[in-house]
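Labels below follow one simple rule: chain letters A, B, ... track the order of the sequence lines, proteins then strands, and each chain is numbered from 1.
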Number of protein chains: 2
Amino acid sequence: MMKNDKYTIVLDAMGGDSAPGITVHGAAQATLESPLHILLVGDKEALQKELHKHKYNSAQIEIVHSPDVITMEDNPKSAIEQKPEASIVLATKLVAEGKGDALVSAGSTGAVILSAAKYINRILGVHKTALAAIYPTHNIQNRKDIFSLLLDVGANIHNSHHDLVHFAYMGATYAREIKKIESPTIGLLNIGAEEYKGGEKLSQTYAILKSLSELNFIGNIEGNQIMHGLADVVVTEGLTGNIALKVMEGMASSVKHLGKIAYKQNVLWKMGLIMLSGGIKKLNSVTDYEEYGGAPIFGFEKMIIKCHGRSTHKAIKNALKFAAKSVRDDIPGQISRYIADYEYNHAVNDLEL
Amino acid sequence: MMKNDKYTIVLDAMGGDSAPGITVHGAAQATLESPLHILLVGDKEALQKELHKHKYNSAQIEIVHSPDVITMEDNPKSAIEQKPEASIVLATKLVAEGKGDALVSAGSTGAVILSAAKYINRILGVHKTALAAIYPTHNIQNRKDIFSLLLDVGANIHNSHHDLVHFAYMGATYAREIKKIESPTIGLLNIGAEEYKGGEKLSQTYAILKSLSELNFIGNIEGNQIMHGLADVVVTEGLTGNIALKVMEGMASSVKHLGKIAYKQNVLWKMGLIMLSGGIKKLNSVTDYEEYGGAPIFGFEKMIIKCHGRSTHKAIKNALKFAAKSVRDDIPGQISRYIADYEYNHAVNDLEL
């Protein structure tokens, strides 16, 4: 193969509701916009058929055949074992073996995380990896970038205060390198502002984060403050992060649902909504998840981007470019150095907490 | 005192952002609409001055003097000790001594809960009391009553699976007696639909709830489903419930915030919003927390209603009437019988879990 590029991103081309149509389309587009190299993992025939539908730079795409796929109906845990030839498993192995620098998948979140956990090394010192959600805040007037990062949102159920501190480093690295925020603000999701709130684990985490001069810790963030955008990175355990994220998603779709009812019920409301449509479109464009492509999974030695199952080709394309950027900026390496320093400096102190 | 009524509700007249103006106004109004008897606890002179501003039935209101108040700036834990004459402390004691049947306060949540915990007995078998939030769902077309109940929302941080089952009984009792729902649906807040999700505690809770024929358990509810209104009662630990509730509140105020920006930025959007104002008003009226008055605190032998600090007099009035209804229907007694039966039937089984 001709390798005229720096980074090789492995794409699980069979993962996602509209795979492989959408995934191949996104990959094809990415090769036209960026010098990255892509390994498309999936059913060879199907992928070739899809590729023929699009313009792409053939020197930058290579197909790796996989005869099987893990679907949303599969139990992720058993499927990883029972389908060793599934696209996500082969894709993960390629990354683990160094044939790719990063992994992108829109398949089952559980399968992506479990497959990565099985084949890709965790960063030394990291006990728990984190799924991070990029979400829009309502801070649309005062910031260039209205997105913040919430982690973990479901790779774990419960986490230790150690894990939470690691998550803060992971998020800070992302915000600094990818979003170019010089000193990203870090918040701890809690039930009140005071240092002692939320039980022993959260108050321990608060005390440690406050003591770390390399992190710009701004204190506890309550549920209603998540969307204010004061914190570039909001740290929490998997269970609470998952619930907070889904409540946000649910509220957003409730507003749309109520809008639809209003549209049908009353001519005046219908006209009002039509007049507002420009604003709604503008809002949609600045809060568009497609621009970001996917949710990074931090804590592995290689970068992994989990795309939404309903991803469009644009979201896949942007996830591939985001993955390449993460490799270029060596996000895993930076997280690794951060955590090594922290563990070295604080392991002894921490024992005394 | 003349007691021409059945129930005596004790009102902490000094609690709340606009106390005692709002609290006295609400109490005065309640006596005109309902035969309940009210003990107003607070600064005698200030309360008398406020009472003179309103029409009320003097046979139904009695003032109990309290020279002190716990403010939002006080640390609730130490204030309960250091201000034994504070209105919330005296009000709680009156209820504990049987001079009142229920307690209503718009003061500091921490002070209300801690004062109750100090003076009022918990129901036998109940280890943790629960603060329950009544919140509007988007199910505005298919239900007469669009409100659901979420508990606990912050009386606790963490809870055992025992506590969570108790919370289900508390919520079910409320929904059946106050909302008159024959077989209220119960959901467990979790990160996925499957029974095994969310770790050991939640899967144990799932198994127990499923086994209880007297509860209409419909399974796990994910964060985005909270506002669908499928479950009349959503059960969760205090930390997750607090975060979920505040994310809902935060999202609602974000929508308003974005509306305000749109209103200012563009004449067309401004007109659109004006046309929609009828719909927004209608929505506000069906989702109006004032109608419900406050958040019940379950698990004590006496009923306690915590009103929002920003309560209007209407909210206070409705909280007083809600408290009287709870006494009439003997909510604490019903919860007590439920939990006694459960503990008796399941204590042995549970040991084997």
Side-chain angles (χ1 to χ4, degrees), chain A residues 75 110 137-138 140-141 153-154 157-158 189-192 194 197-202 222-228 236-255 257-259 261-262 265-266 268-280 282-283, chain B residues 75 110 137-138 140-141 153-154 157-158 189-192 194 197-202 222-228 236-255 257-259 261-262 265-266 268-280 282-283:
Chain A
N75 176 304
T137 70
H138 78 209
I140 63 173
Q141 286 186 309
V153 296
I157 306 292
H158 294 295
L189 189 58
N190 205 331
I191 64 167
E194 300 87 348
K197 286 273 180 168
E200 203 186 338
K201 193 193 289 176
L202 290 180
E222 293 185 64
N224 54 324
Q225 297 172 315
I226 291 183
M227 56 286 297
H228 290 184
T236 189
E237 292 185 67
L239 181 71
T240 42
N242 181 281
I243 288 169
L245 180 70
K246 285 188 185 155
V247 171
M248 283 196 273
E249 290 173 354
M251 285 292 286
S253 72
S254 286
V255 170
H257 173 81
L258 292 172
I261 294 174
Q265 278 204 340
N266 182 308
L268 195 67
W269 297 349
K270 183 173 178 167
M271 284 176 63
L273 281 164
I274 291 170
M275 285 175 165
L276 273 176
S277 62
I280 294 167
K282 193 176 167 188
L283 191 64
Chain B
N75 176 303
T137 69
H138 78 209
I140 64 173
Q141 286 186 309
V153 297
I157 305 294
H158 294 295
L189 188 58
N190 205 331
I191 65 167
E194 300 86 348
K197 286 272 180 168
E200 203 186 338
K201 193 193 290 176
L202 290 180
E222 293 185 63
N224 54 324
Q225 297 171 315
I226 290 184
M227 55 287 298
H228 290 185
T236 189
E237 294 185 66
L239 182 71
T240 43
N242 181 281
I243 287 170
L245 179 70
K246 285 187 185 155
V247 171
M248 283 195 273
E249 291 172 354
M251 284 292 287
S253 72
S254 286
V255 170
H257 173 81
L258 293 172
I261 294 174
Q265 277 202 341
N266 182 310
L268 195 67
W269 298 349
K270 183 173 178 167
M271 282 175 63
L273 282 164
I274 291 169
M275 285 175 165
L276 274 176
S277 62
I280 294 166
K282 194 175 168 190
L283 190 65

Counting heavy-atom pairs under 4.5 Å with chain A, which one of [options] comes out on top?
| options | result |
| --- | --- |
| B:Met227, B:Glu194, B:Met271 | B:Met227 |
| B:Leu189, B:Ile191, B:Thr240 | B:Ile191 |
| B:Gln225, B:Met248, B:Lys197, B:Glu249 | B:Met248 |
| B:Gly154, B:Gly198, B:Gly192 | B:Gly198 |

Problem - Nearest atoms (heavy-atom pairs only) where B:Ala244 meets B:Ile226 - result: CB-CD1, 3.9 Å

Practice task
For B:His158 and B:Glu237, work out which heavy atoms get closest and say how close.
Solution key: CA-OE1, 3.1 Å

Problem - Euclidean distance, A:Thr236 OG1 relative to A:Ile243 CD1, rounded to 0.5 Å - result: 9.5 Å

Problem - Interatomic distance, A:His228 atom NE2 to B:Ser253 atom OG [nearest 0.5 angstrom] - result: 5.0 Å

Practice task
Please check if atom NZ in A:Lys201 has more than 12 non-hydrogen atoms from other residues, nucleotides or ligands closer than 6.0 Å.
Solution key: yes

Problem - Segment of B:Ile274 engaging chain A (4.5 angstrom heavy-atom cut-off) - result: neither

Handout entry: Side chain A:Asn224, main chain B:Val247, donor-acceptor under 3.5 Å
Key = no

Handout entry: Atom group of A:Leu202 that falls short of 4.5 Å from chain B, counting heavy atoms
Key = side chain

Handout entry: Side chain / backbone / both / neither for A:Leu239 at chain B, heavy atoms under 4.5 Å
Key = both

